[in-house]
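Got a structure for you, written out below as structure tokens; questions coming shortly.
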Amino acid sequence: MQETAQRLLIIDDDEMFCHVLDRAMTRRGYEVAVAHDAEQALSLARRLAPELATLDLKLEHESGLKLLPELLEVVPGCRVVVLTGYSSIATAVEAIKLGAVNYLCKPADADEVIAALFKQEGDPDAEVAEHPPSIHRITWEHIQKVLQEHDGNISATARALGMHRRTLQRKLQKRPVRR
């Protein structure tokens with residue numbers, strides 16, 4: 001147990017996930033605060049100055065990538081891990097460029113979150129996929145990259161991809177293909 005508990009800010013719009021992670025991290029000795037949107041997250045960050053944070057990539061009405069630089073401006077030394085059920089190479093790269101220390105795919109348990117928060121170096125022994133990704137996964141990655149380039153604007157992304165906006169919305173509502 002630490003002498004003084006480190007403050008952890010959980011930013012996620014999924015209340016059940018927040019509840020489970022809050023309990024698990026509190027049991028491990030962390031002082032936990034939970035925010036469900038950007039405004040609440042920034043307010044808590046100003047008041048509590050957390051050393052650690054988890055940030056959902058896809059908050060209900062906003063992008064975690066847009067919130068990340070603002071959060072780090074409020075608490076510059078905060079170690080932030082981006083969590084997402086919609087992982088893509090494009091968003092992982094952007095999260096790291098914007099200052100996240102790591103990027104995890106959901107579901108992730110408390111031990112994985114802690115490991116990600118405190119991991120200092122890359123792993124040259126990381127497993128390299130035996131097979132290339134499927135065409136469905138490549139399509140998902142490309143859509144995510146173009147969406148990121150257009151700051152999450154669905155209409156602009158649909159125009160850039162040459163598809164109808166509703167078609168793009170349907171594709172984005174589906175879970176990403178694993179391989």
Side-chain angles (χ1 to χ4, degrees), residues 9-22 34-45 53-74 78 80-110 112-113 116-117 122-123 126-179:
L9 177 58
I10 298 170
I11 308 164
D12 200 304
D13 57 357
D14 181 337
E15 291 187 29
M16 182 56 77
F17 176 79
C18 289
H19 176 73
V20 170
L21 188 58
D22 179 353
V34 175
H36 298 293
D37 60 44
E39 185 178 328
Q40 189 180 25
L42 293 171
S43 175
L44 284 170
T54 63
L55 173 60
D56 188 15
L57 178 69
K58 194 173 181 178
L59 297 169
E60 189 170 341
H61 298 293
E62 51 229 330
S63 164
L65 290 180
K66 288 197 179 296
L67 176 56
L68 182 55
E70 295 176 60
L71 180 64
L72 290 173
E73 189 175 308
V74 172
C78 188
V80 181
V81 169
V82 172
L83 294 170
T84 184
Y86 298 89
S87 63
S88 74
I89 293 169
T91 56
V93 169
E94 289 306 315
I96 299 305
K97 283 182 181 178
L98 291 169
V101 297
N102 222 319
Y103 181 98
L104 281 179
C105 299
K106 288 181 181 175
D109 64 28
E112 291 170 318
V113 170
L117 282 164
D123 181 4
E127 189 175 316
V128 176
E130 204 170 299
H131 303 285
S134 69
I135 190 68
H136 298 294
R137 182 64 193 192
I138 291 169
T139 301
W140 173 261
E141 295 280 349
H142 182 66
I143 289 170
Q144 293 300 313
K145 179 180 177 284
V146 176
L147 184 63
Q148 181 63 36
E149 289 169 356
H150 290 90
D151 297 322
N153 183 311
I154 302 288
S155 296
T157 302
R159 280 191 299 275
L161 292 170
M163 69 172 59
H164 195 277
R165 181 181 54 79
R166 288 170 95 132
T167 301
L168 176 58
Q169 286 175 316
R170 280 193 299 276
K171 287 180 178 286
L172 290 171
Q173 287 175 344
K174 294 179 182 176
R175 300 292 271 174
V177 178
R178 288 283 172 212
R179 285 184 7 118

Original post:
Hey, are Ser87 and Thr84 close enough side-chain-wise for a donor-acceptor pair under 3.5 Å?
Top reply: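 Thr84 vs Ser87: no donor-acceptor pair found between side chains.
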Per-pair distances, 0.1 Å, donor-acceptor, side chain in residues 150-161, under 3.5 Å, sequence neighbours excluded:
from	atom 1	to	atom 2	distance (Å)
His150	ND1	Val146	O	2.9
Asn153	OD1	Ser155	N	3.0
Asn153	OD1	Ala156	N	2.8
Thr157	OG1	Asn153	O	2.7

Subject >> Shortest non-hydrogen contact from His36 toward Leu59 >> reply: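 Heavy atoms only, the tightest pair is O-CD2, 4.4 Å.
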Original post:
Taking side chain as C-beta onward, heavy atoms only, is Leu117 less than 4.5 Å from Asn102?
Top reply: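 Counting from C-beta outward, Leu117 and Asn102 never come under 4.5 Å.
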Original post:
Hey, mind stepping through Phe17 and Asp56 against side-chain contact (heavy atoms from CB on, under 4.5 Å) and telling me if it holds?
Top reply: CA-CA 11 Å; Phe17 176 79; Asp56 188 15; over 6 Å; no
Subject >> Rounded distance [0.5 Å steps], CG in Leu21 versus CG in Asp109 >> reply: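 Spacing of CG (Leu21) from CG (Asp109) equals 9.5 Å.
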Original post:
Distance from Met163 atom CE to Gln169 atom CD, nearest 0.5 Å?
Top reply: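 Taking CE in Met163 and CD in Gln169, the distance rounds to 11.5 Å.
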Original post:
Just by distance, do the side chain of Glu70 and the backbone of Leu42 share a donor-acceptor pair under 3.5 Å?
Top reply: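 The answer is no, because no donor-acceptor pair under 3.5 Å joins these two groups.
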Subject >> Distance, nearest 0.5 Å, that separates NE2 of His136 from NZ of Lys171 >> reply: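 His136 NE2 to Lys171 NZ: 9.0 Å, rounded to 0.5 Å.
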**OP:** Supply the atom-to-atom distance Cys18 SG to Asp12 CG, rounded to the nearest 0.5 angstrom.
**Re:**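 If I round to the nearest 0.5 Å, the distance is 4.5 Å.
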**OP:** Could you tell me whether the side chain of Tyr103 and the main chain of Ser88 form a donor-acceptor pair under 3.5 Å?
**Re:**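 At least one qualifying donor-acceptor pair exists.
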**OP:** Could you tell me which non-hydrogen atom of Leu55 sits nearest to which non-hydrogen atom of Gly64, and how far apart they are?
**Re:**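 Taking every non-hydrogen atom into account, CD2-O, 3.2 Å.
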**OP:** Specify the closest pair of heavy atoms between Ala100 and Leu68, including all atoms of both residues, with the distance to one decimal.
**Re:**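 Here Ala100 and Leu68 meet closest at N-CD2, 3.8 Å.
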Original post:
Can you find a pair of side-chain heavy atoms, one from Leu71 and one from Ile11, that are under 4.5 Å apart?
Top reply: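 In short, these two side chains touch, coming nearer than 4.5 Å.
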Original post:
Atom NE2 in His61, atom CD in Glu39: separation rounded to 0.5 Å?
Top reply: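 The CD atom of Glu39 is 12.5 Å from NE2 of His61, to the nearest 0.5 Å.
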Subject >> CG on Asp13 to CD on Gln40, rounded to 0.5 Å >> reply: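 Here the interatomic distance stands at 11.0 Å.
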Subject >> Closest non-hydrogen atom pair between Pro69 and Leu98, with its separation >> reply: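 Closest approach of Pro69 to Leu98: CG-CD2, 4.0 Å.
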Original post:
So, for Ala108 and Leu83, which heavy atoms are closest and what is the spacing to 0.1 Å?
Top reply: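 Smallest heavy-atom distance, with atoms named: CB-CD2, 4.3 Å.
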Original post:
Which one of Val82, Leu147, Leu65 satisfies the side chain to side chain contact (heavy atoms under 4.5 Å, CB included) criterion with Thr91?
Top reply: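 Among Val82, Leu147, Leu65, the one meeting side chain to side chain contact (heavy atoms under 4.5 Å, CB included) with Thr91 is Leu65.
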Subject >> Student check: side-chain heavy atoms of Glu60 and Asp37 closer than 4.5 Å >> reply: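 No. Closest side-chain heavy atoms not under 4.5 Å.
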Original post:
For the residue pair Leu67 and Ala41, what are the closest heavy atoms and their distance?
Top reply: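 In terms of heavy atoms, the two residues are closest at CD2-CB, 4.1 Å.
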